[in-house]
**Q** 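Dumping the structure here so I can ask a few things about it.
Every value quoted in this text rests on a predicted model; they were computed, and no experiment measured them. Hydrogens, waters and symmetry mates play no part in the numbers below; they use all other heavy atoms, side chains included. Residue numbers begin at 1 in each chain, while the letters A, B, ... track the order of the sequences.
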2 protein chains.
Amino acid sequence: MRLTTKGRYAVTAMLDLALHIDQGPVSLADISERQGISLSYLEQLFAKLRRADLVCSVRGPGGGYRLSREGQDIYVAQVIDAVNESVDATKCKGAGGCQQGVTCLTHHLWQDLSEQIHTFLDGISLADLVARREVQNVADRQDGQQDNKIAVDTIL
Amino acid sequence: MRLTTKGRYAVTAMLDLALHIDQGPVSLADISERQGISLSYLEQLFAKLRRADLVCSVRGPGGGYRLSREGQDIYVAQVIDAVNESVDATKCKGAGGCQQGVTCLTHHLWQDLSEQIHTFLDGISLADLVARREVQNVADRQDGQQDNKIAVDTIL
DNA sequence: GCAATACCCGAGTATTTTAGTCAACTATTA
DNA sequence: TAATAGTTGACTAAAATACTCGGGTATTGC
């Protein structure tokens, strides 16, 4: 699991899509203008998102992209995985100078952590994020934050 | 919040430190050998970890690094932040072509998410990770995974 | 049918980050 | 005082990121 600006671009673009889905297909040019991401870069990202079956395209005038399914069925982890590919795990892929010793121990620890982050993001859908923002004006995040300990304990 | 191999190196090294803390100061040469990270690269990482007050150093023969406080008081998020610096937020830092419109909306959504990941990692200490691994032999992760939904709901 | 729209695709490139090297230096201990 | 080990800074190779360019192809509306 990696979290880079590339993944952020992808999630941002997907959120833009989710927010404008009622207006029919959304063109990359629109997303580019709204989100300040270069058109050609978006094309590259959406090629990957399409291969991952997260979006589908409509060609021709008035065309654009559309979520391939409902926002509540698309998870943040899927979006990030789609553009990041090759998660290359732990450098020592079973083989290598990584025996039974401490090396494998800490490597596994990191892998566990990485898995937990992935699982965490796999539980957040685009719809969750959109809903959260829409609701936010009402309950302006007086909550959250301190519930964290409980959540971590539950996952851990 | 960014999650790169750099952060993984830092967390791995800190875990190595946490695991060998009973043996007095741990030299970077030891960590380098055990974890397969180049010595000079470790030096750069530990310079940052030291500046962030996560480790303290002991010079001279038999010297090395030591956690600056107990493992349960050092959180994964702190380690990653220390080596990653400049989280550069959302490109539009208040100013720029980011008005009241949709741009700010989705940017904020991403920022919220980023904050949540940060909060999540801020609840996991080095001691948690070490303990988890030690317990793992007993309850070999038949659990986990499906508890995720609950956890996310709690945070969200 | 034809022009405009907008996706599709591959090659190329500038910038940044990552990962690592090298060399000189300082503090500490045996 | 020699060996150890942290401290610092400059420098570099390789990879990832972010972006450009130039051509495609499918679709629609006039």
**Q** What's A:Tyr65 touching, base or sugar-phosphate or nothing? Going by heavy atoms closer than 4.0 Å.
**A** sugar-phosphate

**Q** Can you check the B:Asp30 CG to D:dT4 C1' distance for me, whole Å?
**A** 12 Å

**Q** Check for me, please, whether B:Val58 and B:Leu49 land in the same ILVMFWY cluster - side-chain distances under 4.5 Å, paths through other members count.
**A** no

**Q** Please round to 10 degrees the angle between the axis of the first five pairs and the axis of the last five pairs in the helix from C:dG1-D:dC30 to C:dA30-D:dT1.
**A**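 Here the helix ends are tilted 20° relative to one another.
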
**Q** Return yes when atom CD of B:Glu43 has more than 12 non-hydrogen atoms of other residues, nucleotides or ligands closer than 6.0 Å, and no otherwise.
**A** yes

**Q** I need the CG-P distance between B:Leu28 and D:dT8, as an integer number of Å.
**A**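 Going from CG in B:Leu28 over to P in D:dT8 covers 13 Å.
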
**Q** Rounded to the Å, how far apart are B:Lys6 NZ and D:dA15 C1'?
**A**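 B:Lys6 atom NZ is separated from D:dA15 atom C1' by 14 Å.
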
**Q** With a sphere of 6.0 Å drawn around CD of B:Gln72, does it hold more than 12 non-hydrogen atoms of other residues, nucleotides or ligands?
**A**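 It does: B:Gln72 CD has more than 12 such atoms within range.
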
**Q** Can you see if the side chain of B:Arg50 gets near the phosphate of D:dG6 - specifically, an N or O under 4.0 Å from OP1 or OP2?
**A**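 So the side chain of B:Arg50 is outside the cut-off, no N or O lying under 4.0 Å from OP1 or OP2 of D:dG6.
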
**Q** Here's a test of your reading of the structure: between A:Gly63 and A:Ala47, which maps to the more 5' nucleotide of DNA chain C?
**A** A:Gly63

**Q** Rounded to whole Å, please give me the gap between CG in A:Asn84 and P in D:dA18.
**A** 10 Å

**Q** Looking at the side chain of B:Tyr9, which of C:dG20, D:dG6, C:dC7 is the nearest nucleotide?
**A** C:dG20

**Q** Taking only the side-chain nitrogens and oxygens of B:Arg2, find out if one of them lies under 4.0 Å from OP1 or OP2 of C:dT18.
**A**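 Result: yes.
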
**Q** Could you run down nucleotides 21-30 of chain C 5' to 3' and tag each one B, S or - for protein heavy-atom contact under 4.0 Å?
**A** BB---BSBB-

**Q** Identify the two heavy atoms, one from A:Ala82 and one from A:Ala52, that lie closest to each other, and give their separation to 0.1 Å.
**A** CB-CB, 3.7 Å

**Q** Can you see if the side chain of A:Thr4 gets near the phosphate of D:dA16 - specifically, an N or O under 4.0 Å from OP1 or OP2?
**A**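 No.
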
**Q** Quickly work out the A:Leu42 CG to C:dC8 C1' distance and round it to whole Å.
**A** 14 Å

**Q** Using modelled atom types and a 3.5 Å cut-off, is there a donor and acceptor pairing between side-chain atoms of B:His118 and backbone atoms of B:Ser114?
**A** no

**Q** Go through it in stages, so that I can follow the logic: the residues are B:Tyr9 and B:Val83, the test is side-chain contact (heavy atoms from CB on, under 4.5 Å), and I'd like the CA-CA distance, side-chain angles, deciding distance and then a yes or no.
**A** CA-CA 10 Å; B:Tyr9 277 144; B:Val83 297; over 6 Å; no

**Q** In whole angstrom, give the distance that lies between atom NZ of B:Lys48 and atom P of D:dG6.
**A**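 In whole Å, D:dG6 P and B:Lys48 NZ are 18 Å from each other.
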
**Q** The criterion is side-chain hydrogen bond (donor to acceptor under 3.5 Å, both in side chains); which residues satisfy it with B:Arg69, sequence neighbours excluded?
**A** B:Gln78

**Q** Could you grab the distance from atom CD of A:Gln35 to atom OG1 of A:Thr12, nearest 0.5 Å is fine?
**A**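 A:Gln35 CD to A:Thr12 OG1: 6.0 Å, rounded to 0.5 Å.
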
**Q** Have a look at A:Tyr65 and tell me which of A:Asp30, A:Leu17, A:Leu54, A:Val26 forms a side-chain contact (heavy atoms from CB on, under 4.5 Å) with it.
**A** A:Leu17

**Q** May I have the distance from A:Ile31 (atom CD1) to D:dA18 (atom P), rounded to whole angstrom?
**A**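 After rounding, the reported distance stands at 17 Å.
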
**Q** When the distance from CD of A:Gln35 to P of D:dA18 is rounded to whole Å, what number comes out?
**A** 15 Å

